[in-house]
Amino acid sequence: MSKAPSPLLLTPGPLTTALETRAAMQRDYGSRDAAFIALTRRVRERVVALARGEATHVGVPLQGSGTYAVEATLGTLLDATRKTLVLINGAYGKRIERICRLIGRPCDSYETAESTPPDPAELGQRLRADPSIADVVLVHCETTSGILNPLEAIATTVAAEGRGLIVDAMSSFGAIPIDLRRTPIDALIASSNKCLEGVPGIGLVLVSRARLEASAGKCHSLSLDLHEQWRGFEANGQWRFTPPTHGLAALDAALDGLDAEGGVAGRFARYRENCQILLRGMAALGAAPLLAETLQAPIIVTFRMPADPAFRFERFYDELGRRGFLIYPGKLTGVESFRVGCIGQVRAADMEGFVAAARDAITAMGISSLAP
Ligand SMILES: *Cc1c(COP(=O)(O)O)cnc(C)c1O
């Protein structure tokens with residue numbers, strides 16, 4: 001086992017976690033034991049309460065990473081005979097379209113540039129023009145670029161046209177407030193290891209109870225069937241197949257940390273401060289973010305690739321790593337760029353430390369500016 005201290009993860013997940021979260025995994029749970037059944041029930045209720053969905057939605061956790069939960073939600077809820085409209089402005093939207101095609105759910109897309117949110121008015125027109133569209137799928141924060149898409153306006157438009165809405169809120173849930181009492185959403189998809197600051201391994205879907213009840217027998221898959229997964233929880237409180245026992249205990253502890261921080265509002269405030277320190281500090285080094293500040297979610301920042309011919313991303317990555325910071329070693333955007341996350345158990349002093357490390361890194365590379 002490596003005795004080296006953990007680096008700070010300034011990535012889009014997995015993230016730096018709290019000691020208490022990791023410590024919760026020191027206990028073993030029997031998957032069919034009363035203690036674990038109680039833990040499962042508690043976590044299911046807590047995640048629904050975060051979005052104020054107690055009266056309308058049920059929490060269905062699923063083994064696997066976020067993409068498993070996305071595929072499960074699409075497979076369980078979408079109709080094989082009616083059309084789905086996927087709003088795309090990045091890699092995660094494209095992945096949703098790909099899943100729909102793979103599992104035989106007819107779909108269209110409304111695609112905008114990576115730095116352009118979908119326009120609710122145009123969406124409304126498209127829905128009125130095509131009554132065969134039953135559902136719309138939106139990525140809340142498109143982690144490809146870090147853009148925050150206009151969830152409330154989209155949800156209002158979709159509801160006004162009488163269609164369903166599925167939201168991939170993977171990188172926003174727990175940090176950006178979502179209120180299911182006011183925002184009509186059929187299914188909200190999240191995961192344990194992003195803004196909830198748990199460890200990886202659990203997808204979480206908050207589904208409208210009515211919609212889930214009407215979805216029996218639709219899923220293309222046995223293990224990804226959210227309706228069956230939910231029936232299992234309702235029948236005996238247990239997971240259908242081997243649950244991520246340690247991961248669920250860690251998530252429960254991570255939710256304690258979220259409460260202690262003042263809930264979603266408190267976490268949002270810390271991430272926003274992290275993001276502002278990052279933006280200001282990197283601007284002082286000449287770096288330019290891809291997005292206008294009004295579109296930027298306080299989750300992850302994409303910077304345009306520096307123009308200095310001596311800049312090599314691999315070297316920059318290694319120099320930062322030597323100084324204790326891991327960033328994401330690859331770009332997802334169409335434009336040349338690199339990304340730095342501001343989520344997880346990191347705070348102002350860590351972000352200031354990152355900016356100082358970036359300054360030292362480029363000095364070591366013989367570069368004076370990160371300007372694109
Ligand atoms: C992280 C993420 C996912 C899921 O990715 P996994 O690697 O499967 O956990 C899906 N959508 C968005 C927007 C994400 O940020």
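Order of appearance sets the numbers: ligands from 1, and atoms from 1 within every ligand. Numbering starts at 1 and runs along the sequence shown.
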Exercise. Would the number of heavy atoms belonging to other residues, nucleotides or ligands and lying under 6.0 Å from CZ of Arg347 be above 12?
Worked result: yes

Seminar exercise, completed: Tested for side-chain contact (heavy atoms from CB on, under 4.5 Å) against Met170, the lone hit among Val139, Thr143, Thr67, Ile189 is Ile189

Which N/O atoms of ligand 1 sit under 3.5 Å from a protein N/O, and at what distances?
unit_1	atom_1	unit_2	atom_2	d
ligand 1	8 (O)	Ser65	OG	2.5
ligand 1	8 (O)	Gly66	N	3.4
ligand 1	8 (O)	Thr67	N	2.8
ligand 1	8 (O)	Thr67	OG1	2.5
ligand 1	9 (O)	Gly66	N	3.0
ligand 1	11 (N)	Asp168	OD1	3.3
ligand 1	11 (N)	Asp168	OD2	2.6
ligand 1	15 (O)	Thr143	OG1	2.4
ligand 1	15 (O)	Lys194	NZ	2.6

Seminar exercise, completed: So CG of Leu10 and OG1 of Thr16: to nearest 0.5 Å the spacing works out to 6.5 Å

Problem set entry | Name of the residue among Gln26, Met25, Arg27, Arg22 meeting side-chain contact (heavy atoms from CB on, under 4.5 Å) with His246 | Met25

Problem set entry | Qualifying side chain to side chain donor-acceptor pair (under 3.5 Å) pairs with a residue from residues 286-305, counting only residues at least two apart or across chains | none

For this session: Would you tell me whether Trp239 and Thr40 have side-chain atoms, one donor and one acceptor, within less than 3.5 Å of each other?
Result: yes

